[in-house]
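Below: the structure, in structure tokens.
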Amino acid sequence: MVDMIVSRAHSLKDCRTMDEIAQMRGKRKITLVPYAYLTPTLVFMVVLLFIPVIIVVSYSFMNRVITAPDSTLVGFKNYHEVLLNPTFHVALKNTLFFTVISVIAHMLIGLGFALLLNTQYFGRITKAIFRTIFVLPWLLTVAIIAVLWRLLLNPNGVINYLLNVLGLVHGHPEWLSNPDVALWVVTFINIWAGYPFFMISLLAGLQGIPRDLYEAVAVDGAGKIRSFFAITVPQLRPIIISMALLDLIWTSQQFALIWMTTGGGPMNRTEMLATFTYKLAFSNYDFSGAAASAVIILALSMILAFFYVRYQHAAE
């Protein structure tokens, strides 16, 4: 009898153990399900992002002929040559100017148009018409924008005609070929193409601000300017900072617009870090130097991305 009781106790213990093992396996399966869904994305990221980055970094430490069987490691020689290249310094300065001016203008113009579209003085139809007009530049691709402005800025184009009619210029200036104004012109084109993104985002932020806040400060005697700096700007600060950091990353890597309008010319006056790297690779066939330049650009972009991610975590 005692033996039967002991054996039954062992069998019950074994059943509990089996049940616990089954539960643990079930929990493990449930835990692994999200990773199964993420696997395709992770594979694509490894194949299309991480592996190319590793290859480019490895090329940056090789000699100039990276496809030759006798390619050897040269250490930081390529980085040294790129950092001492005068054209790199010009491209860095132009990129800084182009990026900072574009981001500031995007922010100011986008905020101005957002305030205009959020005003109570225009009707619904009028706002819809202006919203459509203001957002048009954002709907065009970079190729269309480049071709459009090349036609408009042609010496015999519409802009020169209007400026001559108004008496602001004489003759037929070549805006994109003038070393004194080419950088300003491509910066203006980038501003025109990019401000709608700021405008739409800030307009959404403005529409999310409670009207009670404005009524409260109005009761206290605050005017439009005071309420703008006391309520509007603080409420929009998270959106403005996030978009400014993103725009810094995007604009600093601008390539297509510059390449299709000026190609980095004239006389390197519109040379950017992206076009400088491209020319090193496909004009000078210095693939290792181009890889080193690309790694430098990647490092600068990662610094900006670090601040963006850090701000996003702080804002949560």
Side-chain angles (χ1 to χ4, degrees), residues 96-142 144-145 148-149 152 184-254 256-257 301 303-316:
L96 183 63
F97 174 88
F98 178 79
T99 302
V100 173
I101 297 298
S102 295
V103 172
I104 294 175
H106 285 161
M107 189 184 308
L108 296 178
I109 296 174
L111 179 59
F113 284 151
L115 291 171
L116 180 65
L117 294 175
N118 194 53
T119 184
Q120 302 292 329
Y121 300 108
F122 291 137
R124 183 177 301 176
I125 298 177
T126 305
K127 287 182 179 181
I129 293 173
F130 277 109
R131 190 175 301 176
T132 304
I133 295 173
F134 291 155
V135 84
L136 277 177
W138 197 35
L139 302 179
L140 304 177
T141 63
V142 178
I144 295 176
I145 292 172
L148 173 66
W149 279 99
L152 291 174
W184 285 97
V185 172
V186 294
T187 304
F188 171 79
I189 297 173
N190 186 69
I191 292 170
W192 178 84
Y195 79 84
F197 177 66
F198 270 77
M199 180 193 73
I200 294 173
S201 301
L202 292 174
L203 179 60
L206 287 171
Q207 293 176 347
I209 300 176
R211 304 301 305 176
D212 297 342
L213 297 177
Y214 293 103
E215 294 174 0
V217 296
V219 171
D220 293 337
K224 297 291 184 181
I225 298 177
R226 177 63 179 173
S227 62
F228 173 77
F229 287 102
I231 296 177
T232 305
V233 173
Q235 292 291 321
L236 294 179
R237 184 178 290 114
I239 300 175
I240 291 175
I241 296 177
S242 298
M243 293 178 59
L245 291 173
L246 280 177
D247 201 24
L248 281 171
I249 298 173
W250 294 338
T251 308
S252 62
Q253 299 178 3
Q254 181 65 264
L257 180 63
S301 301
I303 293 173
L304 295 174
F306 168 77
F307 285 108
Y308 173 75
V309 174
R310 183 178 180 182
Y311 175 77
Q312 291 297 319
H313 282 296
E316 291 179 352

Shortest non-hydrogen contact between [X] and [Y], atoms and distance:
X	Y	answer
I239	G205	CD1-CA, 3.6 Å
F198	M107	CD2-CA, 3.7 Å
L203	N118	CD1-CB, 3.9 Å
F197	S201	O-OG, 3.0 Å
S252	T99	CA-OG1, 3.4 Å
V142	L257	CG1-N, 3.5 Å

Distance in Å, [X] [atom1] paired with [Y] [atom2], rounded so as to fall on 0.5 Å steps:
X	Y	atom1	atom2	answer
Q253	T251	CD	OG1	9.5 Å
R310	L245	CZ	CG	12.0 Å
L116	L111	CG	CG	11.0 Å
I231	D212	CD1	CG	10.0 Å
T232	Y214	OG1	OH	2.5 Å
I191	F98	CD1	CZ	8.5 Å

If we only count heavy atoms from C-beta on, is the [X] to [Y] side-chain gap below 4.5 Å?
X	Y	value
L246	Y308	yes
L115	T119	no
L148	W192	yes
W149	F188	yes

Let's go through W184 and F97 carefully: what are the C-alpha distance in whole Å and the side-chain angles of both, what is the deciding distance for ring pair (Phe, Tyr, Trp, His ring centres under 6.0 Å) to 0.1 Å, and is it a yes or a no?
CA-CA 9 Å; W184 285 97; F97 174 88; 4.9 Å; yes
Look at the side chain of Y195 and the backbone N and O of L108, then say whether any donor-acceptor pair between them is shorter than 3.5 Å.
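Side chain of Y195 to backbone of L108: no pair is present.
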Whether over 12 other heavy atoms sit under 6.0 Å from [X] [atom1]:
X	atom1	value
F307	CZ	no
I225	CD1	no
L139	CG	yes

With sequence neighbours excluded, give me every side chain to side chain donor-acceptor pair (under 3.5 Å) pair touching residues 101-116.
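Sorted result for residues 101-116: S102-N190, H106-D247.
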